[in-house]
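Okay, structure first, notes after.
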Amino acid sequence: MNKAEILSVPVLNDNYVHLIHDPATGATACVDPAIAPPVIAAAEARGWAISHILITHPHGDHTDGVPEIVAKFGAQVFGSRHDRMLIPHCTNGVAEGDVVQVGALELQVLDVPGHTVHHVAYYFKDEQALFCGDTLFSLGCGRLFGGTAEQMWESLKKLRALPAETLVYCAHEYTNANADFALSIDPLNADLRARADEVQALRERGLPTVPSRMESEKRCNPFLRCDVLKFQAQLSLAGQDAADVFAEVRRRKDHF
Ligand code: ZN
Ligand code: FE
């Protein structure tokens with residue numbers, strides 16, 4: 001198996017642009033370039049030329065760097081086929097079941113509507129890495145800007161079903177603030193407390209909390225626990241439909 005190199009470049013206030021490099025062929029993908037210069041600099045520092053741009057959804061903080069990277073490297077641009085008109089220079093419309101080939105590396109496209117109606121994620125099975133944009137965050141999830149709570153809950157369940165070892169490469173460093181909210185509604189969760197402490201210690205040293213492990217998200221992230229009876233009971237929603245519980249947790253976070 002071909003070992004890929006993955007590099008997360010922190011940009012703007014709290015975005016990550018992830019680079020995926022295939023040493024065998026030199027192909028390099030960049031996920032959700034919020035801005036171009038620091039991403040180009042990080043790639044060039046390693047001698048990488050960006051050949052593929054993978055977009056999860058057409059928000060400016062995920063696409064604004066596309067034109068400059070395309071101009072510089074002539075990269076191909078992938079995004080949901082429903083969002084093609086909204087993604088600058090989009091050359092390849094994709095949907096669930098498609099495989100994006102980055103050199104010898106293969107990334108599977110997953111439809112994960114909710115944050116936006118046509119949000120997609122890229123799952124790199126061989127490296128057990130998930131690039132999920134603004135769908136799943138460490139200890140949080142994206143706001144509903146187009147999709148319904150039901151869609152988002154289904155999307156989160158789909159991601160939760162990936163192997164426990166999966167590394168979650170989300171697009172934002174929101175973990176500390178997410179931990180505060182998570183603890184406010186799930187205060188008895190010892191795993192969450194431990195993760196919140198770890199997150200705080202990492203951030204105090206200026207270190208990233210991304211990627212996290214799906215296993216940890218399953219135990220700690222309140223948005224992935226909406227069908228867990230013990231969690232529901234803490235919200236006085238025991239036995240309710242999980243999508244409704246999700247909608248309520250999302251609502252509370254929006255007003256936190
Ligand atoms: Zn977004
Ligand atoms: Fe975003």
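Indexing begins at 1, ligand by ligand and atom by atom, following the structure's order. We count residues from 1, following the sequence as given.
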field: Atom of Asp61 nearest the Fe ion (ligand 2) (restricted to N/O/S, atom name only)
entry: OD2

message: Taking the basic N atoms (NZ, or NE/NH1/NH2) and the acidic carboxylate oxygens, is any pair closer than 4.0 Å for Lys72 and Glu68?
response: no

field: Whether His57 has an N, O or S atom under 2.8 Å from the Fe ion (ligand 2)
entry: no

- request: Find out whether Asn178 and Ser138 are in side-chain contact, i.e. whether some heavy atom of one side chain is under 4.5 Å from a heavy atom of the other.
  value: no

message: Quick check on the Zn ion (ligand 1): does Asp134 put an N/O/S atom closer than 2.8 Å to it?
response: yes

- request: Show the numbers, then the answer: is there a side chain to side chain donor-acceptor pair (under 3.5 Å) between Thr91 and Gln76?
  value: CA-CA 6 Å; Thr91 49; Gln76 283 185 283; 4.5 Å; no

query: His57: which N/O/S atom is nearest the Zn ion (ligand 1)?
result: NE2

Asp32 near the Fe ion (ligand 2) via N/O/S, less than 2.8 Å: no

message: Just checking: His59, one of its N/O/S atoms, less than 2.8 Å away from the Fe ion (ligand 2), yes or no?
response: no

task: Measure from the Zn ion (ligand 1) to every N/O/S atom of His59 and report the name of the nearest one.
output: ND1

query: Would you call Glu154 and Lys158 a salt bridge, using N to O less than 4.0 angstrom?
result: no

For the Fe ion (ligand 2), the closest N/O/S atom belonging to Asp134: OD2

- request: Give a yes or no on whether a salt bridge exists between Asp197 and Arg193, defined as a side-chain N under 4.0 angstrom from a carboxylate O.
  value: no

- request: Without swapping roles, check the side chain of Ser155 against the backbone of Pro113 for a donor-acceptor pair under 3.5 Å.
  value: yes

